[in-house]
Amino acid sequence: MRNIYYQFIHTLKCVFLDYKPLISKILTFSLVILVLGSAFSDMFESGLEPVTVGILNEDTGKEKIADGIIQVLEPLGTLSPKKADDKDAEDEEEEEATGAGADVSIGEWMKVYNVKNEADGRSMACDKDIDEDHQIAAMIHFDKDFSKKVMEYDAEDEDQEPISISIKTGRSSQIDATVVKCVFDTFASSLNADFAVQKHFPGKNLPQDLDLEKGYTKMEINAESTPDAMSYYAIAMLMMVLLYGAEYGCNTIADDYLGVIGERIKTTPIKRYQQYIGKMLGMIVSTTLQGIFIVLLTGLVYGANWGNNYLALLGVIISMSAASVTLGACLCMITRDGARGQSLVSLLVIACTFLAGGFIKIDMGPLKFISPNYYAQTAMFNSIYNGDTGIALQNIGILWLFVLGASVIAILMSRRKRA
Amino acid sequence: MNIIETSKLVKRYKNHTAVDRIDLDVREGEVFGLLGPNGAGKSTLIGMLVGTLKVTEGSVRVLGKDISRDSTAIKQDIGYVPQDLAFFEKLSAYDNVIYWGRLYGLEGPELKSAVQEALEFTGLWDRRKDTSENFSGGMKRRLNIACAIVHKPKLLFMDEPTVGVDPQSRNSILESIRKLNHNGTTVIYTSHYMEEVEAICDRVGIMDFGKLIAVGTIDQLVTETVKEEFATIEINNMSLQLAEAIKRIPGVTRCERNQNVLDIQVNPAIMSTIQLLEMLISKRIDIQAINVEKPTLETVFLTLTGKKLRD
């Protein structure tokens, strides 16, 4: 035990006495997190800005079917007859406090504005000088004969022109126009379906509530709480820093096993396993401490979200550090050359970070499973954002299997050398 | 008492035999020099003696113990100064020697006093807090030695410990080896510098092609190995005919002319150098200068291996 302890202390001393590259590494990654977190923040915005739509209701028919449509839409939260800026401040405060409006609904995507006449609507949709509060993306126009046309509509007459609701888009972006079109397509489809049901089964109505929730599969990360760009890149770059622990593993094996210092150590009475365990523990703790420093720095300075489960966070960092260090040792033992092992480590760090979506948030399919970063990231995201310690533990377990595999390969390779 | 005994020691790598049936005895308290050209098998032999290389055939006993069975106990009492600098350059001299001392099981006050002793012995105590990467070549060599003697080994292996150092540092290192030996440490010393070996070694072993081709004191080796005498004679108005005539004198085994200078090798069993000179004088040859060379270890090495040590 004494020898293991001394090797452990010696390794820590060697790593931290050489502080210049260490500080440079930490500062570089802190900067990278800041740059990536700022540059890609838009990619991590989960909601769309509500689209403001003007409604010009000129329907003069006594049946007031246009009013009916607007009223039908109201309970669904799709449209409000109020002006967007008429919403009470009290209502907004209540929504914030209770979390109301958190569910994604059509109402979040579309706000309405009652337009006085077509010229007014055209101006609000197209004029450049109009102030932001009175801009609309599109105008929905119910003409004066809308009720009459609906009432005179004969479904049996195939030559008859279909009834339409006029949608006029102005300065709206492609996304805004798509939102408006989708909402009204959906609405028109539901009305058409209702007409069909009424026609074939008089008195029978469509079900009022369609439960779409059951049709969805819940993903590992809850859509309600996903990381912002800074938090995402803080985690991704933390994994990269930890994976750079492979350099320590590689260098130590190169110097203390394959190199001249290793040859000299072999002439001393210390057992090889004592040396190996002590060195590995020292390197794992060194890497872990660097990881903790990144967590503290990004949490306190950048406001990255590291969650509340500090034990799980530490568990992931330690596991990833162990995986990295043993990976480096294994690569050096396979190549039998510190420089070649080091080059391989540098390539792998970049490749593994990329495959796990560390640089750009993309899914690399099955390739991501070969990257240890993926397991550590998954464990961390689930621990922080989903509170799912089960998935976190499962991924930590995979990392330790990785440690075991790399250690076995390293030991087999060392025996091959001795033979 | 022999501190090292090897019997029919062999180290083989696939088809290459690096050490070939070596029988070697090193006596306790002596400085034993191991000489040989590059690739002669010196480092392989030392590797087997210090327990870093497995023995293919034969046996090795170090400090009275079999290295294949008691390697941990043997390692406790040996020190090894490798040819390359083998310490941590980012650490101070003090931390380095502490590290190696701990590897040999030293702790607490015993460790501290041993470290101080080793650093004072090598003249590095005043620079103990300096990072070793900033040391000069000579200081690094001395630190390399300090790391090996911190535990006061009974047997010290030194593999070319003076490579690349200035003459002053070399003298200092040689002096420290003499002191170590005076204090009771047996030293196995390999070097390419013949004068170093002549200066500090009691006995010498010469290796070539994996075999130990000669062992003995320097005088023994010279007497037993070098059977001829060497002289350089400068003659006024030297002619080709004269050189050819000298070459034909019985006992002269070699005669090479370089302008007015002749390099002559004679077999003293037939004719000594003195007799040759008397003969030349009697023939009224105008001799300007004479230099009779005393045979050295270099001569022994050249005679035995056919090459100079630094070839």
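All figures in this text were calculated on a predicted structure; none of them were measured in a lab. Chain letters run A, B, ... following the sequence lines, proteins first, then strands; residues in each count from 1. Values below: every heavy atom of this structure, side chains too, minus hydrogens, waters and symmetry copies.
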Q: Counting only non-hydrogen atoms closer than 4.5 Å, can you tell me which residues of residues 91-101 of chain B sit against chain A?
A: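 Expected list: Leu91(B), Asp95(B), Tyr99(B), Trp100(B).
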Q: Measure from the side-chain N and O atoms of Thr122(B) to the backbone N and O of Leu119(B), and report whether any donor-acceptor pair falls under 3.5 Å.
A: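 At least one qualifying donor-acceptor pair exists.
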Q: Between Arg203(B) and Phe32(B), is NZ or CZ placed under 6.0 angstrom from the six-membered ring centre and within 45° of the ring axis?
A: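 Output no; distance or angle outside limits.
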Q: Taking salt bridge (Lys or Arg N to Asp or Glu O under 4.0 Å) as the definition, give me every residue that meets it alongside Glu133(B), ordered by chain and number, with sequence neighbours left out.
A: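 Glu133(B) satisfies salt bridge (Lys or Arg N to Asp or Glu O under 4.0 Å) with Lys90(B) only.
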Q: Measure Leu85(B) against the heavy atoms of chain A and call it side chain, backbone, both or neither at under 4.5 Å.
A: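 Just the backbone, heavy atoms under 4.5 Å.
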Q: Do you know which of Thr72(B), Val50(B), Leu103(B) has the most heavy-atom pairs with chain A at a distance under 4.5 angstrom?
A: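 Most pairs with chain A among the choices: Leu103(B).
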Q: Using non-hydrogen atoms only, which part of Leu17(A) is less than 4.5 Å away from chain B: side chain, backbone, both, or neither?
A: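 Side chain only.
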Q: Which of residues 142-162 of chain B have a heavy atom under 4.5 Å from any heavy atom of chain A?
A: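 Checking residues 142-162 of chain B against chain A gives Asn144(B), Cys147(B), Ala148(B).
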Q: Is the number of heavy atoms from other residues, nucleotides or ligands within 6.0 Å of CZ (Phe135(B)) greater than 12?
A: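 Yes - once you tally the heavy atoms of other residues, nucleotides and ligands closer than 6.0 Å, there are more than 12.
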Q: Kindly indicate whether a cation-pi arrangement holds for Lys25(A) with Phe29(A), taking the cut-offs as under 6.0 Å to the six-membered ring centre and within 45° of the axis.
A: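 Relative to the ring axis of Phe29(A), which defines the angle, Lys25(A) lies outside at least one limit.
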Q: Report which part of Gln7(A) has an atom under 4.5 Å of a heavy atom belonging to chain B: side chain, backbone, both, or neither.
A: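 Contact with chain B is through the side chain of Gln7(A) alone.
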Q: Non-hydrogen atoms of chain B under 4.5 Å away: do they reach the side chain of Ile265(A), the backbone, both or neither?
A: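 Both backbone and side chain of Ile265(A) come within 4.5 Å of chain B.
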Q: Examine whether an atom of Gln83(B) lies under 4.5 Å from a heavy atom of chain A, and if so say whether it belongs to the side chain, the backbone or both; otherwise answer neither.
A: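 For Gln83(B), there is no contact with chain A at all, as no heavy atom is under 4.5 Å.
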Q: With sequence neighbours excluded, tell me which residues meet salt bridge (Lys or Arg N to Asp or Glu O under 4.0 Å) with Glu120(B).
A: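 Scan of Glu120(B) (salt bridge (Lys or Arg N to Asp or Glu O under 4.0 Å), adjacent residues dropped) gives none.
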Q: Run the salt-bridge test on Glu57(B) and Lys8(B) with the 4.0 Å N-O cut-off and return the result as yes or no.
A: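 Not counted as a salt bridge, because no side-chain N and carboxylate O are separated by less than 4.0 Å.
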Q: What do the steps show when you test Gln275(A) against Tyr257(A) for side-chain hydrogen bond (donor to acceptor under 3.5 Å, both in side chains), and what is the final call?
A: CA-CA 10 Å; Gln275(A) 185 199 357; Tyr257(A) 189 87; over 6 Å; no
Q: Please assess Thr17(B) against Asp20(B) for the test side-chain hydrogen bond (donor to acceptor under 3.5 Å, both in side chains), listing each intermediate value before the final yes or no.
A: CA-CA 6 Å; Thr17(B) 304; Asp20(B) 193 2; 5.7 Å; no
Q: To the nearest 0.5 angstrom, please state how far the OG atom of Ser191(B) sits from the NZ atom of Lys42(B).
A: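 One gets 9.0 Å once the value is rounded to the nearest 0.5 Å.
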Q: Could you check whether the rings of Phe8(A) and Tyr5(A) sit parallel, tilted or perpendicular, using 30° and 60° as the cut-offs?
A: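 Rings of Phe8(A) and Tyr5(A): tilted, as their planes differ by 30° to 60°.
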Q: Does any N or O in the side chain of Lys11(B) come within less than 3.5 Å of the main-chain N or O of Gly47(B), such that one atom is a donor and the other an acceptor?
A: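 No; zero donor-acceptor contacts below 3.5 Å.
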Q: With a 6.0 Å cut-off (strictly less than), is the heavy-atom count around CZ of Arg21(B), excluding the residue itself, greater than 12?
A: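 No.
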Q: Looking at Val260(A), Asp255(A), Thr268(A), which makes the most heavy-atom pairs under 4.5 Å with chain B?
A: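 Highest number of pairs under 4.5 Å: Thr268(A).
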